[in-house]
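The structure under discussion appears below in the form of structure tokens.
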Amino acid sequence: MQKTAIKKFLLQNGLKRLNLQAVLFDMDGVLFDSMPIHAYSWTNALAALNIPFEEEEAYLHEGRTGSGTINLVFQRCYGRDALPEEIEQIYAEKTRLFEQHPEAPIMPGASEMLELVKKSGLKRVLVTGSGQRSLLDKLNLHFPGHFRPDNMVTAFDVKKGKPDPEPYLMGIRKAEAQADGCIVVENAPLGVESAKAAGIFTIAVNTGKLQDQHLIDAGADLVYASMSELQASWRSLLGVLRSTQLD
Ligand code: CA
């Protein structure tokens with residue numbers, strides 16, 4: 001199963017083998033169990049303007065920039081993009097609702113996974129569309145020794161955001177590697193699309209409310225049910241990632 005997925009990826013990307021140097025981690029829904037709070041905040045910030053937005057949509061569109069999400073909703077409701085002041089108002093309300101909520105818990109298995117990756121001699125790079133300073137500030141507190149500004153890509157670094165490949169292409173550069181030297185851990189369909197468009201082997205962890213098929217359709221090479229399951233499988237998976245090659 002793992003070996004088949006890796007061989008398929010190598011074939012599609014014209015590679016003989018992976019040359020692993022770094023693991024690129026998404027943040028929301030991977031390191032922090034923050035998506036329920038994001039979904040709640042989006043739904044209620046838009047409900048204040050009588051704009052319907054199901055929580056499942058927050059999971060489907062997870063990874064877009066704030067303005068990207070707001071424009072998508074405005075196009076659906078009003079057939080136009082939102083004005084800059086509308087974007088500012090809605091995103092401010094979304095952020096206010098998010099930040100008044102109790103802190104998002106660490107995703108079970110995330111700390112263990114980061115430590116295992118470190119022990120494996122691989123770099124860790126954060127690639128998030130988030131501009132929630134409260135979460136970014138807490139990375140060092142909850143995951144000490146893993147993330148510094150020079151191995152983080154956030155909403156402040158990119159113009160386009162996921163599903164564009166730009167965030168993960170920047171992640172590859174911050175890893176000082178090539179696409180075949182990286183793997184990605186993502187939980188959202190648009191994040192998977194972004195990583196795959198950057199040419200990276202992508203592991204999806206389905207920590208949210210969507211069916212696995214959304215992640216598979218987005219191009220995920222492997223799907224795990226949780227970060228706990230991924231970290232429990234990491235040693236054997238890493239062995240297969242390092243040893244699998246095309247003849
Ligand atoms: Ca995510």
In Å, rounded to the nearest 0.5 Å, how long is the span from [atom1] of [X] to [atom2] of [Y]?
{"X": "Met35", "Y": "Lys209", "atom1": "CE", "atom2": "NZ", "value": "9.5 Å"}
{"X": "His101", "Y": "Asn44", "atom1": "NE2", "atom2": "CG", "value": "9.5 Å"}
{"X": "Arg124", "Y": "Phe147", "atom1": "CZ", "atom2": "CZ", "value": "7.5 Å"}
{"X": "Ser233", "Y": "Leu238", "atom1": "OG", "atom2": "CG", "value": "12.0 Å"}
{"X": "Leu169", "Y": "Lys160", "atom1": "CG", "atom2": "NZ", "value": "9.5 Å"}
{"X": "Cys182", "Y": "Arg173", "atom1": "SG", "atom2": "CZ", "value": "11.5 Å"}

State whether the side chain of Thr154 and the backbone N or O of Phe156 hold a donor-acceptor pair below 3.5 Å, judged by distance alone. yes
Answer yes or no: does atom [atom1] of [X] have more than 12 heavy-atom neighbours from other residues, nucleotides or ligands under 6.0 Å?
{"X": "Gln245", "atom1": "CD", "value": "yes"}
{"X": "Glu88", "atom1": "CD", "value": "no"}
{"X": "Gln178", "atom1": "CD", "value": "no"}
{"X": "Gln213", "atom1": "CD", "value": "yes"}
{"X": "Glu176", "atom1": "CD", "value": "no"}

Can you check whether [X] reaches [Y] side chain to side chain, under 4.5 Å on heavy atoms?
{"X": "Leu20", "Y": "Ile183", "result": "yes"}
{"X": "Ile70", "Y": "Tyr91", "result": "yes"}
{"X": "Leu10", "Y": "Leu18", "result": "yes"}
{"X": "Leu46", "Y": "Pro52", "result": "no"}
{"X": "Leu230", "Y": "Leu237", "result": "yes"}
{"X": "Leu215", "Y": "Leu210", "result": "no"}
{"X": "Leu246", "Y": "Leu15", "result": "no"}
{"X": "Ile87", "Y": "Asn71", "result": "yes"}

Apply the test ring pair (Phe, Tyr, Trp, His ring centres under 6.0 Å) to residues Phe143 and Phe25: give CA-CA distance (whole Å), side-chain angles for both, the deciding distance (0.1 Å), then the verdict. CA-CA 12 Å; Phe143 307 107; Phe25 289 92; 9.0 Å; no
Tell me the side-chain hydrogen bond (donor to acceptor under 3.5 Å, both in side chains) pairs involving residues 186-204, sequence neighbours left out?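 Every pair satisfying side-chain hydrogen bond (donor to acceptor under 3.5 Å, both in side chains) with a residue in residues 186-204: Glu62-Asn187, Lys162-Glu186, Tyr168-Glu186, Lys196-Asp221.
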Donor-acceptor side-chain pairing of His142 and Glu103 below 3.5 angstrom: yes
Have Asp180 and Asn19 got a donor and an acceptor in their side chains that come within less than 3.5 Å?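 On atom types as modelled, these side chains do not qualify, holding no pair under 3.5 Å.
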Could you pull out all residues at least two apart from Phe9 that satisfy ring-ring contact (aromatic ring centres under 6.0 Å, His included)? Phe201
In terms of hydrophobic clusters joined by side-chain contacts under 4.5 Å, are Leu83 and Ile51 together?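 No, separate clusters.
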Considering only NZ, NE, NH1 and NH2 on the basic side and carboxylate oxygens on the acidic side, decide whether Glu57 and Arg76 come within less than 4.0 Å.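 Here Glu57 pairs with Arg76 in a salt bridge, since their nearest N and O are under 4.0 Å apart.
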Under-4.0 Å salt bridge between Lys94 and Glu99: no
Check step by step if side chain to side chain contact (heavy atoms under 4.5 Å, CB included) holds for Thr244 and Lys7. CA-CA 7 Å; Thr244 301; Lys7 283 191 168 180; 3.6 Å; yes
Between Met107 and Met227, is the side chain to side chain contact (heavy atoms under 4.5 Å, CB included) condition met? List the steps. CA-CA 7 Å; Met107 186 63 77; Met227 284 295 279; 3.8 Å; yes
Ignoring hydrogens, what is the shortest heavy-atom contact between Ala177 and Gln21? Give both atom names and the distance. CB-OE1, 4.0 Å
